[in-house]
> 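Would you mind keeping the following structure in view while I ask a few things?
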Amino acid sequence: MMDNALIFIEIVLINVLLSGDNALVIAMASQGLPPKQRRKAVWWGAGAAVVLRCALTVVALALLQIPFLQAAGAALLLIIAVKLLTDAGGGHGNAQLAKPASLGNAVWTIVAADFVMSLDNVLAIAAVAQGDLILILLGIATSIPMIIWGSQLLGSLLQRFPALTYAGAGLLAYAAGEMLVKDPGMSRFLLRGPESLPELIPLLCVPFVIAAAVIRKKPV
């Protein structure tokens, strides 16, 4: 019984650490919506994240061993980071509030990003729970209030301090870089480069996303 309690505490701590990316995407994708639609996007986005985690629990271990799957996910996450930064006006000299977006577009952006980022979260919980389905489901359930509360807090901060959009996009870019270097199919390419390459790639993804947003937003 005590062992299960300790495992559950570990799972909660993992959720605290790893749910931040999901909350950040929800906050950034919904910040341009009217308040009523923003609340809907938060709840639908959080619900999508939980459903995805439940669905991915069964296949996470197998999926992460497929060569270049994480690399493809990293590329998708980089595209999403560029889109969020561009939509929020990040391509201008100073950041501004996002232009009004549609609820449907915001939710689809959230779902796509949640799908990519939920793999690591599910894998970590499954490893700690040692295959105990009840503990895994409890761990996923604890992520619901964290994602909802976290996205609301981050959304308020982004509305008040629009320049934080750069930091949010940078964090997503760094997460994408980490996914890229963890891909089993990328190991043989990384071994051919300098030893510091796996550490440099996540860092280099940050200026890449900002530069891509600037180029995309630049008037023709």
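Fair warning: this is a prediction, and the values are worked out from it, not measured in the lab.
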> Any chance you could measure Glu178, atom CD, to Glu199, atom CD, to the nearest 0.5 Å?
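CD of Glu199 is found 11.0 Å from CD of Glu178.
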
> Distance-only, no hydrogens or angles: does the Asp183 side chain make a donor-acceptor pair with backbone N or O of Pro67 under 3.5 Å?
no

> Which pair of non-hydrogen atoms, one from Ala74 and one from Ala176, has the smallest distance, and what is that distance?
CB-O, 3.2 Å

> From Leu171 CG over to Tyr166 OH, what is the distance, rounded to the nearest 0.5 angstrom?
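It is 15.0 Å, given to the nearest 0.5 Å.
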
> Any idea which heavy atoms bring Ala23 and Gly150 closest together, and the distance?
CB-C, 3.7 Å

> First locate atom CD1 of Ile80, then atom CD1 of Ile110, and finally report the distance between them rounded to the nearest 0.5 Å.
10.5 Å

> Would Phe189 and Leu197 show up in the same hydrophobic cluster when neighbours are defined by side-chain heavy atoms closer than 4.5 Å?
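Yes, it is one cluster - the side chains of Phe189 and Leu197 are joined through contacts under 4.5 Å.
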
> With clusters built from Ile, Leu, Val, Met, Phe, Trp and Tyr whose side-chain heavy atoms come within less than 4.5 Å, directly or transitively, what are the remaining members of the cluster of Ile79, listed by chain and number?
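So far as hydrophobic clustering goes, Ile79 is joined with none.
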
> Of all residues at least two apart in sequence or in a different chain, which pass the side chain to side chain contact (heavy atoms under 4.5 Å, CB included) check with Leu203?
Tyr174

> Please report the shortest heavy-atom distance between Leu84 and Ala29, naming the atom on each side.
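Residues Leu84 and Ala29, closest heavy atoms: CD2-CA, 3.7 Å.
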
> Using the side-chain contact (heavy atoms from CB on, under 4.5 Å) definition, which of the options Leu78, Val214, Leu77 pairs with Val209?
Leu78

> Could you tell me the separation between the CZ atom of Arg39 and the CH2 atom of Trp44, rounded to the nearest 0.5 Å?
13.0 Å

> Rounded to the nearest 0.5 Å, what's the gap from CG on Leu154 to OG on Ser30? Could you check?
10.0 Å

> Of all the heavy-atom pairs spanning Val82 and Ala212, show the shortest one and how long it is.
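Scanning both residues completely, I find the closest heavy atoms to be CG2-CB, 3.8 Å.
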
> So, for Leu33 and Arg38, which heavy atoms are closest and what is the spacing to 0.1 Å?
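Looks like O-NH2, 2.9 Å.
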
> Hydrophobic clusters join Ile, Leu, Val, Met, Phe, Trp and Tyr when side-chain heavy atoms are under 4.5 Å apart, directly or via other members; which others share one with Leu200?
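Listed partners: Leu204.
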
> Compare every heavy atom of Val181 with every heavy atom of Pro198, then report the nearest pair and how far apart it is.
O-CG1, 3.6 Å

> Would you say that Met28 contacts Leu172 through its side chain, given a criterion of any heavy-atom pair below 4.5 Å between the two side chains?
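Counting from C-beta outward, Met28 and Leu172 do come under 4.5 Å.
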
> Starting at CG of Leu85, measure out to NZ of Lys83 and round the result to the nearest 0.5 Å.
11.5 Å

> Does Leu158 share a hydrophobic cluster with Phe161, counting links as ILVMFWY side-chain heavy atoms below 4.5 Å and allowing steps through other members?
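Both belong to a single hydrophobic cluster.
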
